[in-house]
Every structure is written in structure tokens, then in C-alpha cells.
Colleague: 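Structure in C-alpha cells, see below.
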Amino acid sequence: MNKEVQGEIIKVSGPLVIAKGMREADMFDVVDVSELNLIGEIIEMHGDEASIQVYEETAGLGPGEAVKSRGTPLSVELGPGLIGGIFDGIQRPLNVLVDLEGSNIKRGSSAPALRRDLVWKFEALCKAGDKVVGGDVIGTVQEGKLLQHRVMVPPNMAGELKSIESGDYTVEDTVAVLLDDKGEEHKLTMMQRWPVRIGRPYKEKLAPSEPLITGQRSIDTFFPVAKGGTAMVPGPFGSGKTVIQHQLAKWAEADVVVYIGCGERGNEMTDVLNEFPDLLDPKSGESLMERTILIANTSDMPVAAREASIYTGITIAEYFRDMGLSVSLMADSTSRWAEALREMSGRLEEMPGEEGYPAYLGSRLASFYERAGMVRCLGSEDRTGILTAIGAVSPPGGDLSDPVAQSTLRIVQVFWSLDSDLAYRRHFPAINWLTSYSLYQDKVDQWMNESLSPDFKKLRTEAVALLQDESELEEIVRLVGQDSLSESDQLKLEAARSLREDFLHQNSFDEVDTFTSLDKQFSMLSLIMNFYYEAREALKAEADYSEITRLPVRDAIARFKNVPEKDVKTNYDKLMDQLSSEMAELIA
């Protein structure tokens with residue numbers, strides 16, 4: 001129940017405001033600060049004094065100004081109208097505020113996250129008299145061209161539907177009336193509110209076992225992320241973190257994408273805002289914004305709102321997960337979020353941890369990533385929802401000993417280590433195959449062996465071994481030259497070069513190469529590895545090494561990445577026959 005609590009400011013320190021007279025308020029209550037109605041959140045209580053992080057610029061505030069608690073925690077509005085939206089870190093709709101006030105939004109400005117004037121066509125799936133529980137889908141709304149929005153009973157409710165009717169409604173209109181076990185009536189609308197710092201409930205969390213298909217060869221084949229898994233993308237400036245996240249947003253198997261720009265530079269977020277509406281969803285041909293929600297909170301926005309942005313984003317993602325959908329969440333970058341946490345901790349005069357970050361940095365990161373997962377959703381019917389979380393980390397100078405990178409490493413299961421040297425050599429995605437890893441590899445290998453080919457794990461394992469051998473042989477080559485190596489070692493270098501240039505290197509701007517299906521990925525890997533196997537046997541039969549590398553099939557294998565998906569099977573069979581015949585002629 002809302003409590004009217006009013007206090008007054010006694011101190012202002014940047015985004016932190018100390019107010020007295022707040023004894024009756026609760027931790028994490030949302031407050032309105034001063035006559036400007038600046039939005040803030042109580043983050044610490046001492047007696048009747050409350051420490052408030054304000055989500056807007058506090059310049060000009062002074063002692064004596066009023067602070068009024070709303071009596072509710074920071075919450076988001078969930079319902080039709082989220083898809084295609086652009087929100088700030090506390091879910092204010094930026095596109096709506098721009099229309100109201102222009103490009104310079106005034107302090108204290110606000111608008112409902114979900115538009116109250118839009119009318120949605122509600123199709124009821126239940127009837128009066130039906131027994132329902134939290135999470136049950138009582139109706140649907142077609143939101144945009146791609147998504148059927150499922151209107152659910154709030155998680156904490158259960159009972160019998162007294163009335164429900166299809167029709168045209170706004171998000172505030174009553175679509176159904178629920179009679180609970182005590183005989184009390186509850187009006188159900190298409191909109192729910194949920195506090196951002198509390199994860200939405202579910203029946204059971206399931207162990208991830210299937211790969212999230214992204215179409216990126218270095219990820220799917222070598223370092224896969226499972227559906228409902230967690231991954232981090234660390235790397236210095238210019239190494240391609242944002243490009244990878246754009247590719248995953250476009251191509252990964254997800255019904256909904258939530259992209260959180262938490263503290264990146266304004267020009268990077270502007271690129272996202274400009275590019276996403278122009279990108280086409282490859283599955284439907286519609287704009288990518290038809291299944292995307294953007295949380296835009298750049299580095300020049302108030303620091304406290306940056307801290308809240310990842311909680312806002314993941315709560316929205318959980319809501320779509322609860323519908324039984326697959327959701328991909330991209331956080332770019334959690335380093336900027338951690339810096340906001342560090343600044344607020346410093347203002348509170350808390351004991352600092354490593355490099356000034358608060359001692360609870362690791363637990364806050366863990367509480368964010370643990371909200372990802374594959375779950376059995378609430379409700380009478382059995383449905384599975386998936387939330388995959390991928391966070392970019394921007395350690396200074398790419399230094400992985402940075403506390404944010406180290407804390408994240410201890411939590412996530414997949415580590416895509418971006419390498420500036422690869423980026424400078426124009427090798428994209430610049431994922432270093434020697435330092436990256438995936439802890440989902442064994443489960444994914446088993447799935448690939450059953451679903452794709454029983455040879456998948458063997459080929460992938462030997463391909464990784466070749467790349468590791470190459471790094472060791474390169475040290476010898478730098479000392480004494482390649483000619484000093486045996487022909488078998490020279491062949492290893494040639495096969496590893498083929499893996500790097502013909503398989504791992506992928507052009508995101510090429511219409512064919514930007515996405516590779518699993519079948520094509522296996523075909524490409526199989527061709528490269530079979531060339532290596534056949535060439536190794538030819539060397540044992542005393543074939544000339546220089547003639548092996550000049551075989552026409554070698555160039556054909558390098559060009560296989562440009563073969564359209566529909567022609568993969570035909571071209572693969574031809575190349576395998578060509579490889580066998582050319583090697584046989586060479587040995588003969």
C-alpha cells in the first residue's frame with residue numbers, strides 16, 4: 001500500500017541527495033525530489049535520513065527542498081507497446097518525450113512507458129467461469145507484424161474469471177475480472193507493473209543443452225552459447241564488441257531482442273538507433289525493430305539511471321520469457337554500468353574494493369546474470385521460456401585483470417576474447433581462438449553429433465588442436481624460418497591458415513557470408529579438415545608438398561564460404577569427389 005512520506009533535502013552531492021524526515025519510507029522506494037519532480041530511488045537508510053540516487057541532473061538543488069516518497073519500488077510497465085520502443089534507463093519513452101519537448105528534454109519530464117491512447121485488439125482465450133493461476137495466458141494481442149503478445153494473469157494472482165470479453169482496449173482498460181479464493185474482485189488489464197530489482201518468478205530453471213544458433217561460425221562451431229546461457233565479450237576499443245552484438249541481435253535464434261546501451265558513447269548509441277530500424281529481420285523481411293526493444297542510456301546521461309538500466313532491460317526481457325518466447329539480451333557495456341556503481345558507492349562513502357569499485361561488485365553482477373536461463377514458465381500449461389544474456393565488457397586498454405572483467409569471468413559460462421591484433425589485421429569477428437572458451441561445449445557437441453553429424457565433435461576437436469599447434473610452430477618459424485620445418489608441420493600451418501582465413505574469418509557486410517547455417521558450417525569444416533587428412537596421407541606416400549598446395553581443389557575450398565545456402569549440398573559433394581580424385585592422381 002502506498003505511503004505518503006515527505007521529507008526535505010539536507011545535502012546534495014552530485015546524483016546523491018540526503019533527505020531527512022524519511023523514517024516511514026522503505027528501501028528502494030521511488031521518490032520525487034523538489035518541485036521539479038526529479039525521479040529518485042532510496043538506496044540507503046540511517047534512522048530518518050535517506051540516501052537517494054537521483055536519475056536526473058541535480059544542479060540547482062539545495063537544502064530545504066521537498067522530497068516525497070511514492071511508496072513503491074522502481075518498477076517497469078509491461079504490456080503491449082513495448083516492442084519497437086526506445087526507453088531510457090528508468091523506462092521513460094524517449095521517442096515520446098522528443099515529440100513532446102524536442103531534442104532538449106527538460107528535467108522532471110516524464111511520460112508513461114506504455115502509451116495510454118493506443119487501442120489494441122484483444123482476443124480472449126478464456127471464458128467466464130474458467131479457473132486461472134498466475135502466468136496463465138487469458139488472451140492475445142497482435143503487436144506489430146511479427147509478435148503475438150500474450151496477456152497473462154499476474155504472477156501473484158489466482159482464482160476464477162468472473163468476466164472476460166474480446167474487444168478493442170487501451171492498456172488501462174479492464175479486459176477481465178478475477179474472483180480470488182477470498183471472494184475479492186481484481187480487475188485485470190493488459191498492463192502489469194513489476195519491480196526491476198526482483199526477478200520474475202517461474203516454476204523451474206532447466207539446464208541449458210541446445211546451442212543458440214547465431215550464424216557466426218567462430219561462435220556456433222568453436223565457442224557456442226547455449227539457449228538460456230550467459231556470455232561475455234571483453235575487448236579494447238575498436239575490437240568489434242558492438243559489431244558482434246549487432247550480428248547476434250540480427251541473426252541469433254530469438255523472438256525478441258532487448259538491447260541495453262548502458263553508458264556507451266552517444267555516437268555509438270546513435271548508430272544503433274539509426275541502423276536498427278533500417279536492418280531487416282532475415283526470417284520475415286520486416287524491420288528488426290519489429291522484435292527489438294532499445295534501452296538507451298549513454299555516458300552523458302545521469303549516472304544513476306545508467307546503474308538502473310540493466311535491471312530495467314532484464315525485467316522487460318523476463319516478461320517476454322514468461323510468455324514462452326526466446327529472448328536475447330545484449331548489455332553494452334557492463335563496464336560503464338560498474339563505473340556508475342563505483343561513483344554512487346564513492347558518494348555514499350562506502351569502503352572501496354579493488355580499484356575503487358564497491359566490494360559488492362561481484363554479487364551485483366551475479367544477481368544480474370543469474371536472471372538469465374531456460375525456465376518452465378508459470379501457468380497451467382507447460383511452456384518453456386528462454387533468456388540468453390550477453391554482456392560486453394570494456395576493460396581499460398583491454399586489460400583482462402580489470403575487476404569488472406574478472407568478476408564477470410567468474411560468473412558467465414562463455415568467454416569470447418576479442419583481440420585488437422586480429423581487429424587491426426581486419427580479421428572479424430576478432431575472437432581469439434586460443435584464449436576464448438565455452439563451458440557449454442560438451443553438451444553442445446553431444447547435440448551437434450545427434451542433430452548434425454556424428455563426426456562433428458571429432459572434426460571440431462582436431463581443428464582446435466591444429467590452431468593451437470600453429471601458435472607453437474609460429475614461434476619456431478619466427479626464429480629459424482618456415483623452410484626449416486618438416487613437410488608435415490608445414491602442412492599443419494597451411495591447414496591452420498585455411499581454418500583462420502576460410503572458416504573463422506566472416507564478412508558481416510557480405511550478403512552470403514554474413515550468416516552461415518549449421519549445415520554449411522559443418523560442410524566448410526569438413527572440407528578443410530578432409531583436405532588436411534588426405535594431404536597428410538599423400539605426404540606419407542611421398543607426394544610433393546608444393547604440388548599438394550597447388551591443387552585446384554584448394555582454391556575451390558577457400559571459395560566455398562561464398563556458396564549460397566541452397567547450393568551447399570551439391571557443391572559439397574562435388575568438392576569431396578574432386579578432392580579424392582586430385583589426391584589420388586597426385587599419389588599415382
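Since this is a predicted model, take the numbers as computed values, not measurements.
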Colleague: Report yes if some heavy atom in the side chain of Phe28 is under 4.5 Å from a heavy atom in the side chain of Ile198; otherwise report no.
Modeller: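 A side-chain contact under 4.5 Å is absent here.
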Colleague: Just distance, no hydrogens or angles: give the donor-acceptor pairs under 3.5 Å from side chains in residues 156-168, sequence neighbours left out.
Modeller:
{"from": "Lys162", "atom 1": "NZ", "to": "Glu185", "atom 2": "OE2", "distance (Å)": "2.2"}
{"from": "Ser166", "atom 1": "OG", "to": "Ala124", "atom 2": "N", "distance (Å)": "2.9"}

Colleague: Would Leu439 and Val414 count as a side-chain contact (heavy atoms from CB on, under 4.5 Å) if you check the C-alpha gap in whole Å, the side-chain angles of each, and the deciding distance to 0.1 Å?
Modeller: CA-CA 6 Å; Leu439 298 181; Val414 180; over 6 Å; no
Colleague: Could you tell me whether the side chain of Lys520 and the main chain of Val563 form a donor-acceptor pair under 3.5 Å?
Modeller: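 Yes; judged by distance alone, with no hydrogens or angles, the pair exists.
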Colleague: Should the pair Tyr319 and His149 be assigned to parallel (<30°), tilted (30 to 60°) or perpendicular (>60°) ring geometry?
Modeller: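 It falls in the tilted class, 30° to 60°.
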Colleague: Could you tell me if Gln521 and Thr221 have a donor-acceptor pair between their side chains, going purely by distance under 3.5 Å?
Modeller: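 Indeed, the side chains of Thr221 and Gln521 share at least one donor-acceptor pair under 3.5 Å.
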Colleague: Do NZ/NE/NH1/NH2 and the carboxylate oxygens of Asp332 and Lys241 come within less than 4.0 Å?
Modeller: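 Between Lys241 and Asp332 there is no salt bridge, as every charged N stays at least 4.0 Å from the carboxylate O atoms.
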Colleague: Would you confirm whether Arg193, through its side chain, and Ser75, through its main-chain N or O, come within 3.5 Å as a donor-acceptor pair?
Modeller: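 Flag not set: sc Arg193 to bb Ser75 has no pair under 3.5 Å.
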Colleague: Do Glu307 and Gln53 have a side chain donor and acceptor closer than 3.5 Å?
Modeller: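 Side chains of Glu307 and Gln53: pair found under 3.5 Å.
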Colleague: Could you give me the CA-CA distance, side-chain angles and deciding distance for Ile293 and Phe87, then say whether side-chain contact (heavy atoms from CB on, under 4.5 Å) is met?
Modeller: CA-CA 8 Å; Ile293 299 160; Phe87 305 97; 3.9 Å; yes
Colleague: Can you tell me if Gln216 uses its side chain to pair, donor with acceptor, with the backbone of Thr516 under 3.5 Å?
Modeller: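 No, because the side chain of Gln216 does not come within donor-acceptor range (under 3.5 Å) of the backbone of Thr516.
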Colleague: Ignoring hydrogens and geometry beyond distance, is a side-chain donor-acceptor pair present between Ser394 and Ser335 at under 3.5 Å?
Modeller: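 No.
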Colleague: For the pair Lys182 and Glu184, find out whether any cationic side-chain nitrogen is under 4.0 Å from an anionic carboxylate oxygen.
Modeller: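 Looking at Glu184 together with Lys182, the answer is no, because their closest N to O distance does not fall below 4.0 Å.
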Colleague: Can you name the closest pair of heavy atoms from Gly215 and Gln506 and give their distance?
Modeller: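 Nearest heavy atoms, Gly215 then Gln506: O-NE2, 2.9 Å.
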Colleague: Under a 4.0 Å threshold between the charged nitrogen and the carboxylate oxygen, would Arg115 count as salt-bridged to Asp117?
Modeller: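 A salt bridge is present here (some side-chain N lies under 4.0 Å from a carboxylate O).
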Colleague: Run the side chain to side chain donor-acceptor pair (under 3.5 Å) test on Ser69 and Gln6 for me, step by step, so that the C-alpha distance in whole Å, both residues' side-chain angles and the decisive distance to 0.1 Å come before the verdict.
Modeller: CA-CA 6 Å; Ser69 170; Gln6 186 157 330; over 6 Å; no
Colleague: Quick check: closest heavy atoms across Ala304 and Met344, and the distance to 0.1 Å?
Modeller: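 That would be CB-SD, 4.5 Å.
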Colleague: Please check if atom NZ in Lys205 has more than 12 non-hydrogen atoms from other residues, nucleotides or ligands closer than 6.0 Å.
Modeller: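 Enclosed: over 12 neighbouring heavy atoms sit under 6.0 Å from NZ of Lys205.
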Colleague: Where the side chain of Thr140 meets the backbone of Arg150, is there a donor-acceptor pair that is under 3.5 Å apart?
Modeller: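 Not confirmed, Thr140 side chain does not pair with Arg150 backbone.
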Colleague: Check the pair Glu56, Arg92 against salt bridge (Lys or Arg N to Asp or Glu O under 4.0 Å), reporting the backbone distance first and the verdict last.
Modeller: CA-CA 12 Å; Glu56 299 184 71; Arg92 289 180 300 187; 3.4 Å; yes
Colleague: Which residue pairs pass the salt bridge (Lys or Arg N to Asp or Glu O under 4.0 Å) test when at least one of the two sits in residues 98-112, sequence neighbours left out?
Modeller: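 Non-adjacent pairs meeting salt bridge (Lys or Arg N to Asp or Glu O under 4.0 Å): zero.
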Colleague: Are the charged groups of Arg70 and Asp32 less than 4.0 angstrom apart, N to O?
Modeller: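 Judged by the 4.0 Å cut-off on N to carboxylate O distance, Arg70 and Asp32 do form a salt bridge.
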Colleague: Should Cys262 and Arg336 be marked as a side-chain contact (heavy atoms from CB on, under 4.5 Å) after you check the CA-CA gap, both sets of side-chain angles, and the distance that decides it?
Modeller: CA-CA 6 Å; Cys262 46; Arg336 306 286 91 81; 5.7 Å; no
Colleague: Ignoring hydrogens and geometry, is there a side-chain-to-backbone donor-acceptor pair from Ser309 to Gly89 under 3.5 Å?
Modeller: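 Such a contact is absent between Ser309 side chain and Gly89 backbone.
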Colleague: Could you pull out every donor-acceptor pair under 3.5 Å between side chains of residues 285-292 and any protein atom, sequence neighbours left out?
Modeller:
{"from": "Glu286", "atom 1": "OE1", "to": "Lys145", "atom 2": "NZ", "distance (Å)": "3.4"}
{"from": "Ser287", "atom 1": "OG", "to": "Pro277", "atom 2": "O", "distance (Å)": "3.0"}
{"from": "Ser287", "atom 1": "OG", "to": "Met289", "atom 2": "N", "distance (Å)": "3.2"}
{"from": "Glu290", "atom 1": "OE1", "to": "Lys145", "atom 2": "N", "distance (Å)": "3.0"}
{"from": "Arg291", "atom 1": "NE", "to": "Asp281", "atom 2": "OD1", "distance (Å)": "3.0"}
{"from": "Arg291", "atom 1": "NH1", "to": "Ala254", "atom 2": "O", "distance (Å)": "3.0"}
{"from": "Arg291", "atom 1": "NH2", "to": "Lys250", "atom 2": "O", "distance (Å)": "2.9"}
{"from": "Arg291", "atom 1": "NH2", "to": "Asp281", "atom 2": "OD1", "distance (Å)": "3.1"}
{"from": "Thr292", "atom 1": "OG1", "to": "Leu288", "atom 2": "O", "distance (Å)": "2.7"}

Colleague: Using 4.0 Å as the upper bound for N to carboxylate O, is an ion pair formed by Lys187 and Glu172?
Modeller: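 No, Glu172 and Lys187 are not salt-bridged.
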Colleague: Strictly distance-based, threshold 3.5 Å: is any side-chain N or O of Asp26 a donor or acceptor partner for the main-chain N or O of Asp29?
Modeller: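 Checking the backbone N and O of Asp29 against the side chain of Asp26, no donor-acceptor pair under 3.5 Å is found.
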Colleague: Are any side-chain N or O atoms of Gln192 and backbone N or O atoms of Glu77, one a donor and one an acceptor, separated by less than 3.5 Å?
Modeller: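 Looks like no, no N/O pair under 3.5 Å.
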Colleague: Can you see which heavy atom on Ile42 is nearest to which on Ala50, and at what distance?
Modeller: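 For Ile42 and Ala50, the tightest heavy-atom pair comes out as CG2-CB, 4.1 Å.
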Colleague: Judged by modelled atom types alone, do Arg116 and Thr170 share a side-chain donor-acceptor pair under 3.5 Å?
Modeller: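 No.
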Colleague: Do Leu378 and Asp322 have side chains that get closer than 4.5 Å, going by heavy atoms?
Modeller: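 No, their side chains stay 4.5 Å or more apart.
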Colleague: Does any donor atom in the side chain of Arg371 or Thr315 lie under 3.5 Å from an acceptor atom in the other side chain?
Modeller: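 Side-chain D/A pair, Arg371 to Thr315: present.
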Colleague: Does any non-hydrogen side-chain atom of Ile90 lie less than 4.5 Å from one of Asn297?
Modeller: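 No, side chains not in contact.
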Colleague: Going through the checks in order, is the salt bridge (Lys or Arg N to Asp or Glu O under 4.0 Å) test met by Asp513 and Arg217?
Modeller: CA-CA 10 Å; Asp513 200 30; Arg217 296 188 290 268; 2.9 Å; yes
Colleague: Output yes when Glu204 and Arg376 qualify as a salt bridge under the 4.0 Å nitrogen-oxygen rule, no when they do not.
Modeller: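 Here Glu204 pairs with Arg376 in a salt bridge, since their nearest N and O are under 4.0 Å apart.
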Colleague: Can you confirm whether Asp510 sits close enough to Thr514 that some side-chain heavy atom of one is under 4.5 Å from a side-chain heavy atom of the other?
Modeller: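 They are not in side-chain contact.
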Colleague: Which atoms form the tightest heavy-atom contact between Ser363 and Tyr360, and what is the distance?
Modeller: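 Closest approach of Ser363 to Tyr360: OG-O, 2.9 Å.
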Colleague: If I compare all heavy atoms of Tyr440 with all of Pro224, which pair ends up nearest, and what's the gap?
Modeller: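 Smallest heavy-atom distance, with atoms named: CD1-O, 4.0 Å.
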Colleague: Check whether any side-chain N or O of Asp136 sits under 3.5 Å from a backbone N or O of Val133 as a donor-acceptor pair, and report yes or no.
Modeller: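 Yes: the side chain of Asp136 pairs with the backbone of Val133.
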Colleague: Using only atom types and a distance under 3.5 Å, with no angle test, would you say the side chain of Glu565 pairs donor to acceptor with the backbone of Ser517?
Modeller: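 Here the side-chain-to-backbone pair exists.
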Colleague: Can you find a pair of side-chain heavy atoms, one from Leu100 and one from Val98, that are under 4.5 Å apart?
Modeller: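 Leu100 vs Val98: side chains apart.
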Colleague: Once you measure the plane-to-plane angle for Phe456 and Phe522, does it fall in the parallel (<30°), tilted (30-60°) or perpendicular (>60°) bin?
Modeller: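 Tilted, since the angle between the ring planes falls between 30° and 60°.
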Colleague: Within the 3.5 Å criterion, strictly below it, is a donor on Ser326 or Asp255 matched to an acceptor on the partner's side chain?
Modeller: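 Side chains of Ser326 and Asp255: no pair found under 3.5 Å.
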Colleague: Taking the basic N atoms (NZ, or NE/NH1/NH2) and the acidic carboxylate oxygens, is any pair closer than 4.0 Å for Glu41 and Arg197?
Modeller: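 A salt bridge is present here (some side-chain N lies under 4.0 Å from a carboxylate O).
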Colleague: When rounded to the nearest 0.5 angstrom, what distance separates CD1 in Ile52 from CD1 in Ile39?
Modeller: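 Rounded to the nearest 0.5 Å, the CD1-CD1 separation comes to 13.0 Å.
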Colleague: Restricting to non-hydrogen atoms, name the atom on Leu147 and the atom on Phe320 that form the minimum distance, rounded to 0.1 Å.
Modeller: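 Reported closest heavy-atom pair: CD2-CE2, 3.6 Å.
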Colleague: Quick one: does NZ or CZ of Arg306 land under 6.0 Å from the six-membered ring centre of Trp337, within 45 degrees of the ring axis?
Modeller: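 No, Arg306 does not lie over the aromatic ring of Trp337.
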Colleague: Can you confirm whether Trp194 sits close enough to Leu78 that some side-chain heavy atom of one is under 4.5 Å from a side-chain heavy atom of the other?
Modeller: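 Yes. Closest side-chain heavy atoms under 4.5 Å.
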Colleague: More than 12 non-hydrogen atoms from neighbouring residues, nucleotides or ligands closer than 6.0 Å to CD on Glu381, yes or no?
Modeller: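 More than 12 within 6.0 Å, yes.
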Colleague: What do the steps show when you test Lys121 against Val141 for side-chain contact (heavy atoms from CB on, under 4.5 Å), and what is the final call?
Modeller: CA-CA 6 Å; Lys121 187 174 182 59; Val141 170; over 6 Å; no
Colleague: Check for a donor-acceptor pair, side chain of Ser451 on one end and backbone N or O of Met448 on the other, with a separation under 3.5 Å.
Modeller: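 Absent.
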